[in-house]
There are 2 protein chains.
Amino acid sequence: MPHTYDYPRPALTVDCVIFGLDDEGLKVLLIERGIEPFEGQWAIPGGFVAPGESVDAAAVRELQEETGLKDIYLEQLYTFGEPDRDPREHVVSVAYYALVNLIEHDLEASTDARSAAWFSVDDVPDLAFDHNQIFDMALTRLKGKVRYQPIGFELLPKKFTLTQLQRMYEIILEKPLDKRNFRKKVLSLEILKALNEIEKDVAHRAARLYSFDERAYRRLQRKGVHFAI
Amino acid sequence: MPHTYDYPRPALTVDCVIFGLDDEGLKVLLIERGIEPFEGQWAIPGGFVAPGESVDAAAVRELQEETGLKDIYLEQLYTFGEPDRDPREHVVSVAYYALVNLIEHDLEASTDARSAAWFSVDDVPDLAFDHNQIFDMALTRLKGKVRYQPIGFELLPKKFTLTQLQRMYEIILEKPLDKRNFRKKVLSLEILKALNEIEKDVAHRAARLYSFDERAYRRLQRKGVHFAI
DNA sequence: CCAAAAGTGTTTCACTTACACCCATGA
DNA sequence: TCATGGGTGTAAGTGAAACACTTTTGG
């Protein structure tokens with residue numbers, strides 16, 4: 001298609017910071033670049049936006065190509081538009097972040113030919129382009145948002161114990177929480193469905209399983225009740 | 001410059017939701033489009049991003065062209081990337097919002113030839129493109145952010161009374177605040193500098209003037225103290 | 001029976017809310 | 001002197017934080 005607006009224009013990409021949680025802590029998925037620039041260096045997965053493809057759709061596609069997963073929590077983070085962020089030409093990148101549940105989906109050996117690996121968020125190497133800046137913003141956003149919106153559930157299996165939930169918050173917020181107060185608080189929010197099931201294969205008393213009740217959450221939200229940990 | 005990445009690419013614009021506060025309430029600056037598409041319809045000011053121009057710089061430039069003002073609070077809002085948001089071709093827009101102080105800068109008669117006007121945020125007409133959606137998101141962001149970050153001061157003159165400050169919050173949050181509790185709260189935050197000045201030309205007891213103490217705010221922020229109204 | 005985590009209430013303290021009158025000033 | 005907004009304190013209520021032991025289960 002010819003350009004209707006006949007101006008030169010920057011190139012447009014999406015980049016996607018993919019977070020996962022396992023028993024070691026919070027992880028981020030990085031790929032090793034196979035081509036210049038920054039060949040051999042780690043980077044956040046991303047790719048070009050084609051004309052006619054919505055930017056959101058490009059991010060979903062990128063995430064699917066990288067993890068093989070669909071229906072993952074994905075949120076736009078920020079758009080990075082400095083002209084020198086790519087050494088070749090002006091490339092504007094719309095960054096997203098995604099939350100995937102590494103406990104249910106074992107993604108150790110990632111998808112395609114390119115080398116991909118999960119890094120602890122405390123141990124991220126020097127990345128290509130301005131990707132350290134993008135990663136830092138994503139982590140800051142996650143830490144800020146998890147306290148006010150029930151997005152942390154996306155990092156857990158559908159059915160989880162209160163201890164798993166507490167541990168998730170402790171890892172992301174980087175501070176210990178009081179067990180009794182935590183349980184009182186989350187149960188009082190009335191957004192958890194207590195299941196008639198208990199965890200399996202543990203060498204101690206099995207804990208009750210819960211699931212996030214999105215319907216109840218939305219109902220409360222409409223009433224103006226605010227979620228907070 | 002030839003494109004190093006030889007892909008077709010969407011066009012890229014910035015749009016800027018400009019908020020102002022006067023004694024009638026919260027306003028937004030709109031311009032009347034002089035060309036197709038949506039000729040004659042109101043729209044949020046915006047324009048194309050040139051290759052080599054940072055996206056932030058394009059927003060600053062746009063804001064300056066529209067209001068004649070520099071050093072205005074400007075924050076990136078969201079990037080809108082649906083392919084059908086412009087009827088001609090795929091145009092991705094990085095939206096920003098700005099806060100200007102209409103009390104000090106009287107911008108009634110705006111700048112350039114294009115017709116521009118301030119609209120009450122409660123009375124915004126049907127806008128071009130997806131600009132109603134952009135405006136709604138900007139207003140939601142402002143309402144949410146003003147409670148946790150001291151951005152509301154950007155809408156006031158440098159020197160203001162506590163009543164002006166309270167009124168600003170009442171207008172944006174759309175709810176009345178208790179005068180004594182409000183004063184107790186904002187003064188206890190210790191981010192206001194009490195000036196040895198009082199307001200002028202009022203037909204009643206003149207109120208003390210205050211200014212926002214950004215240095216004190218940053219100091220508290222580093223200590224982990226959180227601002228909230 | 002032992003190890004390991006599950007589960008459970010009460011008290012204290014801080015902060016938020018509700019509320020009404022006198023004061024200073026200019027017209 | 002009157003109209004207008006400026007400025008101030010206290011008591012009650014609500015929610016957050018601190019804190020330790022008993023129970024259940026599998027090994």
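Order of the sequence lines sets the chain letters (A, B, ...), proteins ahead of strands, with each chain counted from 1.
- Atom P of nucleotide D/dG6 and atom CG of B/L209 are separated by 11 Å, given to the nearest angstrom.
- Each of B/F80, B/F135, B/F38, B/W42 was compared with B/F129 under the ring-ring contact (aromatic ring centres under 6.0 Å, His included) criterion, and only B/F38 meets it.
- One can place CZ of A/R183 at 17 Å from C1' of D/dA18, the figure rounded to the nearest angstrom.
- Looking at heavy atoms from C-beta onward, B/F227 lies out of side-chain contact with B/L220 at the 4.5 angstrom threshold.
- Following rounding to the nearest Å, B/D201 (CG) and C/dA24 (P) show an atom-to-atom distance of 21 Å.
- For C/dA6, neither phosphate oxygen OP1 nor OP2 lies less than 4.0 angstrom from any side-chain nitrogen or oxygen of A/R208.
- Separating the CD atom of B/Q166 from the C1' atom of D/dG6 is a distance of 12 Å, rounded to the nearest angstrom.
- Between the CD atom of B/Q164 and the C1' atom of D/dG6 there is a distance of 13 Å, given to the nearest Å.
- Rounded to whole Å, atom P of D/dC19 lies 15 Å from atom CG of A/L177.
- Residues from residues 221-229 of chain B that place a heavy atom under 4.0 Å from any atom of DNA chain D: there are none.
- Between the side chain of A/E154 and the backbone N or O of A/I151 there is no donor-acceptor pair closer than 3.5 Å.
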Exercise for the section: Give the B/S/- string for nucleotides 20-27 of chain D, one per nucleotide from 5' to 3', where a protein heavy atom under 4.0 Å of the base yields B, of only the sugar-phosphate yields S, and otherwise -. Expected result: B--BBBSS
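- As rounded to whole Å, 14 Å separates atom P of C/dA6 from atom CZ of A/F160.
- Remark on DNA chain D: of its neighbouring residues B/T163 and B/D178, the 5'-side contact belongs to B/T163, judged by nearest-heavy-atom nucleotide.
- Closest approach to the B/E199 side chain among D/dG6, C/dG7, C/dC19 is made by D/dG6 (side chain taken as heavy atoms from C-beta onward).
- When the P atom of C/dT8 is taken as reference, atom NZ of A/K185 falls 18 Å away, rounded to whole Å.
- Within 3.5 Å, a donor on the side chain of B/K184 pairs with an acceptor on the base of D/dT10, or the reverse.
- Side-chain contact check for A/V146 versus A/I229: every heavy-atom pair is 4.5 Å or farther apart.
- Listed for the A/Q166 side chain is a donor-acceptor partner under 3.5 Å among the backbone atoms of A/L177.
- Taking the ring centroids of B/F160 and B/F153, they lie under the 6.0 Å cut-off.
- Pairing each heavy atom of A/N101 with each of A/P157, the nearest pair is ND2-CA, 3.3 Å.
- Heavy atoms of other residues, nucleotides or ligands lying less than 6.0 angstrom from CD of B/E190 number 12 at most.
- Side-chain contact check for B/I103 versus B/D23: every heavy-atom pair is 4.5 Å or farther apart.
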